[in-house]
Number of protein chains: 2
Amino acid sequence: MFYMGEKYNKFSKYFVAVDCVIFGYEDGDLKLLLYHRGFEPAKGMWSLMGGFVGEKESSDTAARRILKNITGLEDIFLEQVEVFTEPERDTEDRVVSIIYYALIRIDKHNSDKVRENGAHWWSMKSLPDFIFDHKEMVNKALEKLQLKAGMELVGSELLPDKFTLLQLRRLYEAIFQKELDTGNFRKKVLSLKVLQRLDEKNTTESRRGAYYFKFIEGAKEKSFDRIVKI
Amino acid sequence: MFYMGEKYNKFSKYFVAVDCVIFGYEDGDLKLLLYHRGFEPAKGMWSLMGGFVGEKESSDTAARRILKNITGLEDIFLEQVEVFTEPERDTEDRVVSIIYYALIRIDKHNSDKVRENGAHWWSMKSLPDFIFDHKEMVNKALEKLQLKAGMELVGSELLPDKFTLLQLRRLYEAIFQKELDTGNFRKKVLSLKVLQRLDEKNTTESRRGAYYFKFIEGAKEKSFDRIVKI
DNA sequence: CCAAAAGTGTTTATAATACACCCATGG
DNA sequence: CCATGGGTGTATTATAAACACTTTTGG
């Protein structure tokens with residue numbers, strides 16, 4: 001490229017890494033898949049899943065590779081959050097880290113693989129201590145997720161194929177970390193016309209039983225619609 | 001860092017650059033500051049202002065340095081847009097490019113410096129041919145600007161200290177590339193309580209004359225408020 | 001019967017949208 | 001006097017928010 005006439009060789013190269021904020025949803029809780037650090041320095045702390053970007057791949061590809069290694073899943077929803085470039089952010093060497101967040105269906109992922117990798121699902125309600133600037137990365141990723149979830153109905157990426165409106169509401173409450181009105185949430189969500197009611201009920205979570213819903217294939221909301229005000 | 005047990009030295013380093021999408025506003029037009037490529041390959045094409053990230057600076061700092069070099073301005077509004085990492089995106093060497101967008105007060109910037117640098121303001125209505133993936137970068141930056149402008153009143157970063165509501169509306173029309181209703185825009189903007197009317201009128205743009213307004217210092221809207229629906 | 005969630009309905013407040021209309025004035 | 005933007009008002013519709021109430025059923 002032609003950066004103001006600068007010669008390339010005057011400048012330094014750096015490691016380029018991706019770090020993934022991996023969100024999952026289980027038992028009414030929004031969770032994060034974290035990697036346990038078993039050695040010094042920062043022993044006992046937790047970190048995001050990450051890896052370096054290889055010579056023949058983009059950062060997107062690298063993120064997908066890492067996610068597949070850990071969860072066994074392909075076709076994961078993935079979005080760039082931000083780049084962290086502070087010169088001293090890594091103590092070993094200069095590393096520029098591109099943050100992604102991913103949405104994972106915990107019911108589909110390979111939990112053996114996760115365990116092998118020393119990874120663990122943590123509830124967003126009680127997160128452990130992070131290494132370096134990883135806590136900030138999580139915060140930024142959550143903001144981005146809130147932005148997305150406020151604009152379109154997320155759920156197909158996090159919930160099982162069929163789910164009740166209670167489960168969907170609990171998901172939204174977990175994402176926005178506040179309680180939502182039952183009736184209003186229901187009306188809003190159904191008005192989007194992206195859900196289809198099934199003829200089957202879930203009776204494990206209530207006496208009366210709640211209908212299961214599923215996402216209608218390819219029925220993304222046309223325009224941005226505010227589901228939850230931030 | 002501890003990327004899944006990988007050794008750093010197994011991996012490659014890349015150049016890390018920033019490219020700036022520099023927005024300005026003048027004569028009712030949203031404009032972009034572009035740099036003319038006077039030599040092959042891609043002679044006659046235009047590119048964003050960019051530069052490499054130095055060893056002792058973050059990408060934010062690098063972007064500010066470049067902006068100051070070109071416009072003479074400090075304290076510019078600046079926001080990260082996205083990172084471009086495709087392995088083949090630069091023909092010379094592997095370069096990871098971090099895109100920023102900046103909002104510039106054209107009335108304040110150093111136009112001699114700009115000219116010296118072979119730069120030129122282009123209206124968003126008729127942009128020239130870009131090198132590489134720079135066109136895509138501009139699109140992404142505009143989307144990000146629209147997101148910001150839809151959530152809070154931009155203008156202090158682009159307009160002169162005092163401006164009429166016509167000028168502000170024209171700015172919004174340029175950002176969103178659509179016409180806005182005079183009365184409704186006026187009501188919406190004034191309801192935000194961030195503008196103060198001055199006792200002075202601008203008579204150059206209308207027979208009757210329109211009051212000048214200015215931004216009230218430190219009066220950012222508390223919560224996100226939709227000014228223009230996307 | 002009671003608690004807890006399911007599901008529906010109603011009311012009020014607020015905001016978006018589409019316009020109509022008068023004002024002021026330089027040419 | 002008229003075209004152009006300045007500025008205000010209003011009626012209509014849409015959306016958000018708060019909340020009351022009825023249904024269902026296992027324990």
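Note that these values count all heavy atoms, side chains included, but never hydrogens, waters or copies made by symmetry. Each chain gets a letter, A, B and so on, in the order its sequence line appears, and its residues count up from 1. Just so it is clear, the structure is predicted and the values come from calculations on it, not from any experiment.
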Next on the checklist: If the threshold is 4.0 Å, N to carboxylate O, is there a salt bridge linking B:Asp181 and B:Arg186?
Outcome noted: no

Item to check | A:Glu116 with A:Lys113: basic N within carboxylate O range, under 4.0 Å | outcome: no

Checklist entry - In whole Å, what is the span from the CG atom of B:Asn184 to the P atom of D:dT10? => result 15 Å

Checklist entry - Got a salt bridge between A:Glu200 and A:Lys162, using NZ or NE/NH1/NH2 to carboxylate O under 4.0 Å? => result yes

Item to check | Spacing between B:Asp181 atom CG and C:dA15 atom P, to the nearest angstrom | outcome: 18 Å

Item to check | Whole angstrom value for the distance that separates C1' of D:dC19 from CG of A:Leu180 | outcome: 15 Å

Checklist entry - Taking atom C1' of D:dA17 as reference, at what distance in whole Å does atom NZ of A:Lys178 sit? => result 11 Å

Next on the checklist: Assess whether a salt bridge exists between B:Lys214 and B:Asp161, defined as any Lys/Arg side-chain N lying under 4.0 Å from an Asp/Glu carboxylate O.
Outcome noted: no

Item to check | Lys/Arg cation over aromatic B:Tyr211: B:Arg197, 6.0 Å, 45° cone | outcome: yes

Polar pairs (N or O, both sides) under 3.5 Å between protein and nucleotides 5-7 of chain C?
residue, atom, partner, partner atom, Å
C:dA6, N3, A:Arg208, NH1, 2.5
C:dG7, OP1, A:Tyr211, N, 3.3
C:dG7, OP2, A:Arg186, NH2, 2.9
C:dG7, O5', A:Arg186, NH2, 2.9

Item to check | Between C:dC19 (C1') and B:Glu179 (CD): distance, integer Å | outcome: 15 Å

Checklist entry - What integer distance in Å separates A:Asn202:CG from D:dT25:C1'? => result 14 Å

Item to check | Distance test, side-chain N/O of B:Lys188 to OP1/OP2 of C:dA16, below 4.0 Å | outcome: yes

Next on the checklist: Looking at every heavy atom in both B:Leu168 and B:Val154, which two are closest together, and how far apart are they?
Outcome noted: CD1-O, 3.8 Å

